[in-house]
Q: 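Sharing a structure with you now.
Convention: sequence-line order gives letters A, B, ...; per-chain numbering from 1.
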Number of protein chains: 4
Amino acid sequence: MKLSEKKIQKKKEDIILSAVKIVNEKGYQKATMEEIAAELLMTKGSLYYYFKNKEDLIFQCHEMVLVQAIEELQQHINVKQSNEEKLREMIKTHIQYAIEKKEMFNMIIKPDQTFSEDQLNPILLKRNEYAGLFDQVILAGIKTAEFTIDEPKIARMILLGSMNWIQQWYNPFGSKTIEELQQIYADYMLKVLK
Amino acid sequence: MKLSEKKIQKKKEDIILSAVKIVNEKGYQKATMEEIAAELLMTKGSLYYYFKNKEDLIFQCHEMVLVQAIEELQQHINVKQSNEEKLREMIKTHIQYAIEKKEMFNMIIKPDQTFSEDQLNPILLKRNEYAGLFDQVILAGIKTAEFTIDEPKIARMILLGSMNWIQQWYNPFGSKTIEELQQIYADYMLKVLK
Amino acid sequence: MKLSEKKIQKKKEDIILSAVKIVNEKGYQKATMEEIAAELLMTKGSLYYYFKNKEDLIFQCHEMVLVQAIEELQQHINVKQSNEEKLREMIKTHIQYAIEKKEMFNMIIKPDQTFSEDQLNPILLKRNEYAGLFDQVILAGIKTAEFTIDEPKIARMILLGSMNWIQQWYNPFGSKTIEELQQIYADYMLKVLK
Amino acid sequence: MKLSEKKIQKKKEDIILSAVKIVNEKGYQKATMEEIAAELLMTKGSLYYYFKNKEDLIFQCHEMVLVQAIEELQQHINVKQSNEEKLREMIKTHIQYAIEKKEMFNMIIKPDQTFSEDQLNPILLKRNEYAGLFDQVILAGIKTAEFTIDEPKIARMILLGSMNWIQQWYNPFGSKTIEELQQIYADYMLKVLK
DNA sequence: CATGAATGAGAGTTCATTCAT
DNA sequence: AATGAATGAACTCTCATTCAT
């Protein structure tokens, strides 16, 4: 029982990973079920054993990434440290995701052109949950006078927007390592908040 | 000759405008030639008199938007004023475009999923030209000590990234007017640069 | 205008006729758009220029047959003659349709497995209209004492049911001509009514 | 041996019953092996242990129903009573089947769209056997002058045709009970024969 | 015996593209 | 200069069937 359920879960994850990869190379529309399957040496028919349809598959891609990312952010928040320190860590995490799992994050950015009403809502909710973690730390930082801004919501959007943009230009063979980028971004972002 | 050429040019522009509109409501893939034509009370067959194919049409959409935007930015640069003032104006312009002509900007963001190698290059060049105008003012500002940052390229990317993100969440019926947004963004962005 | 509209109408009818033919040889599910098109030396894609989808095409098949048949029945009713005579003619007409246009009548028999709710209703309405013409004459005949039955509705159903069954066994090379069949059926059916 | 064979036989019957049920709710094509299996809490793979393929399964459904119905008819024939009485009973039986086991009868009506040549023949034979029982009683009745018709074959077809039609319109919540219907039909049918 | 998983052929549908008129 | 009509390739999805375990 447990074994076979785990097996099926593992397979689903494999498919999701493949889907994420293809979708990001080609975009949602051009990513065909055939290609997603081929990546795993399966045939497209098999995908429908695990997922109801293409939309469902892509939907679960979203879920997976966001749940993972939220968990990781939460850990930074739970650590006893200043809000500035917390935010630094969160920024680093976000950048890491945005670059290394670029594929996944891309899908989160424009769900409205991809999903039907039914599935759009849960995604937006999770997205808000994610963003809310940043809000939470920013607001806490304002209370402790670590940050001094009037528009915390907009500041958060600047944060996320600028970081999401990284994948547009980041080149692993460029002159900056990821660690350097994380450092610089954290510094510059904190300039906005202070 | 000249007359008929102008007529053709006019028609081309009409089509481009229609295309831009549809593409942005639905995304590149879901925007059909039929719908683009219908908007102008034409039939899709006719579009092929003016454009080689769909990719060509969309390509020219890009060109048009970027050329316009570049021109506008250039005007701000040409005015005699401090670099900070210049940048403020450019930021306002960019936000205006990103919101009001959101449709057009969207296409510029992820050209690689849309275009074939042939057409990708010219687009990237124009995009760099656009970004270069920001670089130019930032560097000038560093020289005059108006700005004090070590990583002007990254700063510029933060600028553009955060502004491009606005269209993800901007709601015309939200609590902030465009003018307020422009103001706040300009303020916060300058905090980064100083 | 009128010309091109007529042309398109003609084409639609051609397609409908082809559809009716194939559907009846193979049944709704096994009748493929490809085969319907091939019959007319077209490709399946072309069908979608004329009909929204398969269901729509088949739906229009129904409409066409029923409208034709209703018209023909109506003509017999309009003639000045005894109700018995009217009914005889109507029976002959129905049998003719059921045999010669067997293909079309078959589809009318079990619409519920074929159509979605939306299209089912109009079909049932037309079917009732058709049946209603028989009711009308039967009731008139009862009033004039030509017929003497207590259950006119059931009698009508016996009429139609037995006639629809003909196509199950009718063989053009069998021992009875259509005319003979029409005669015998009319005689036997009137025995029920008297 | 015998035990396990009986077990298998029992299972086969269960599957057939499930198949009959599903086939009639949805029609042959839309009845999937999966659903037929699910009804019995099995998986579709298992069905192939008992039946060669879908066609074979459906074929055996036919056999089962017809054999049952033939047996029942035969019993009425064996009873010592007038041919009119025999026929009355047979009509009642047929109507009962056509309504209560409507599912099964439906499949018998249009076998040619379902079966390949191989399996078509045995089915048609059984169908003829079934119809033959009616012929037998009708002919006997003509000999004893209970019935007075010239075309017994056609009369039989009218009988069966009109009764098969009942399922098209019968509604369990309608104004007539099955018993009433049986009565009325028997009366009207005998009017044809006399 | 039963199943879980995979397959592959084929269905309906969409749409960019073509071309005679 | 425009269009109506046709095309065909590509896509998503379904399902009977197979087979190792």
Q: In this structure, how many angstroms lie between the P atom of dT3(E) and the CE atom of M42(D), rounded?
A: 6 Å

Q: According to the Watson-Crick and G-U wobble definition with distances under 3.5 Å, which dot-bracket string, read 5' to 3', encodes DNA chain E, using [ ] for crossing pairs and | for pairs with another strand?
A: .||||||||||||||||||||

Q: Does a side-chain heavy-atom distance below 4.5 Å link Q9(D) with Y50(D)?
A: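 A side-chain contact under 4.5 Å is absent here.
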
Q: Send over the distance from K30(C) NZ to dA16(F) P, rounded to a whole Å.
A: 11 Å

Q: Nearest whole angstrom, please: distance from the P of dG12(E) to the NZ of K26(C).
A: 12 Å

Q: Which part of the nucleic acid, if any, lies within contact of A31(B), taking any heavy atom under 4.0 Å across all strands shown: a base, the sugar-phosphate backbone alone, or nothing?
A: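 Sugar-phosphate contact only.
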
Q: Residues two or more places apart in sequence or in another chain: which of them pass side chain to side chain contact (heavy atoms under 4.5 Å, CB included) with T43(B)?
A: S46(B)

Q: Please write out each protein N/O paired with an N/O of nucleotides 17-20 of chain E under 3.5 Å, distance rounded to 0.1 Å.
A:
from    : atom 1 : to     : atom 2 : distance (Å)
dT17(E) : OP2    : Y48(B) : OH     : 3.0
dT17(E) : OP2    : K54(B) : N      : 2.7

Q: Using whole Å, what does the distance between atom P of nucleotide dC1(E) and atom CG of D14(D) come to?
A: 14 Å

Q: Rounded to the Å, how far apart are D56(A) CG and dT14(F) P?
A: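 These atoms are roughly 12 Å apart.
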
Q: When the distance from NZ of K7(C) to P of dA5(F) is rounded to whole Å, what number comes out?
A: 8 Å

Q: Considering residues at least two apart in sequence or located in another chain, which fulfil the side chain to side chain contact (heavy atoms under 4.5 Å, CB included) criterion with I16(A)?
A: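 So I16(A) forms a side chain to side chain contact (heavy atoms under 4.5 Å, CB included) with V20(A), F51(A), L57(A), Q60(A), C61(A), M64(A).
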
Q: Under 4.0 Å, counting only non-hydrogen atoms across every strand here, what does I8(D) touch: a base, just sugar-phosphate, or nothing?
A: sugar-phosphate

Q: Hey, is the side chain of Y49(A) poking within less than 4.0 Å of OP1 or OP2 on dA5(E), counting only N and O atoms?
A: yes

Q: Taking only residues two or more places apart in sequence, or in another chain, which ones meet K10(B) in a side-chain hydrogen bond (donor to acceptor under 3.5 Å, both in side chains)?
A: D14(B)

Q: Which residues pass the side-chain hydrogen bond (donor to acceptor under 3.5 Å, both in side chains) test with K26(C), sequence neighbours left out?
A: E35(C)

Q: Could you work out which one of dT12(F), dA16(E), dA16(F) sits closest to the side chain of T32(B)?
A: dA16(E)

Q: Going by side-chain hydrogen bond (donor to acceptor under 3.5 Å, both in side chains), name the residues that satisfy it together with E39(A), two or more places apart in sequence or in a different chain.
A: K21(A)

Q: Provide, to the nearest angstrom, the distance between the CD1 atom belonging to I15(D) and the P atom belonging to dC1(E).
A: 12 Å

Q: Pick the nucleotide of DNA chain F nearest each of Y50(B) and E34(A); which residue has the one closer to the 5' end?
A: Y50(B)

Q: Mind checking what makes side chain to side chain contact (heavy atoms under 4.5 Å, CB included) contact with Q119(C), not counting sequence neighbours?
A: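 Result, side chain to side chain contact (heavy atoms under 4.5 Å, CB included) vs Q119(C): E55(C), D56(C), F59(C), F115(C), S116(C).
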
Q: My understanding is that only residues two or more places apart in sequence, or in another chain, count here; which of them pass side chain to side chain contact (heavy atoms under 4.5 Å, CB included) with K54(B)?
A: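 Side chain to side chain contact (heavy atoms under 4.5 Å, CB included) list for K54(B), sorted by chain: Y28(B), M33(B), I58(B).
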
Q: Has S18(D) got a side-chain atom pairing as donor or acceptor with L40(D)'s backbone, closer than 3.5 angstrom?
A: no

Q: Specify the separation, in whole Å, of atom CZ of F51(C) and atom P of dG12(E).
A: 15 Å

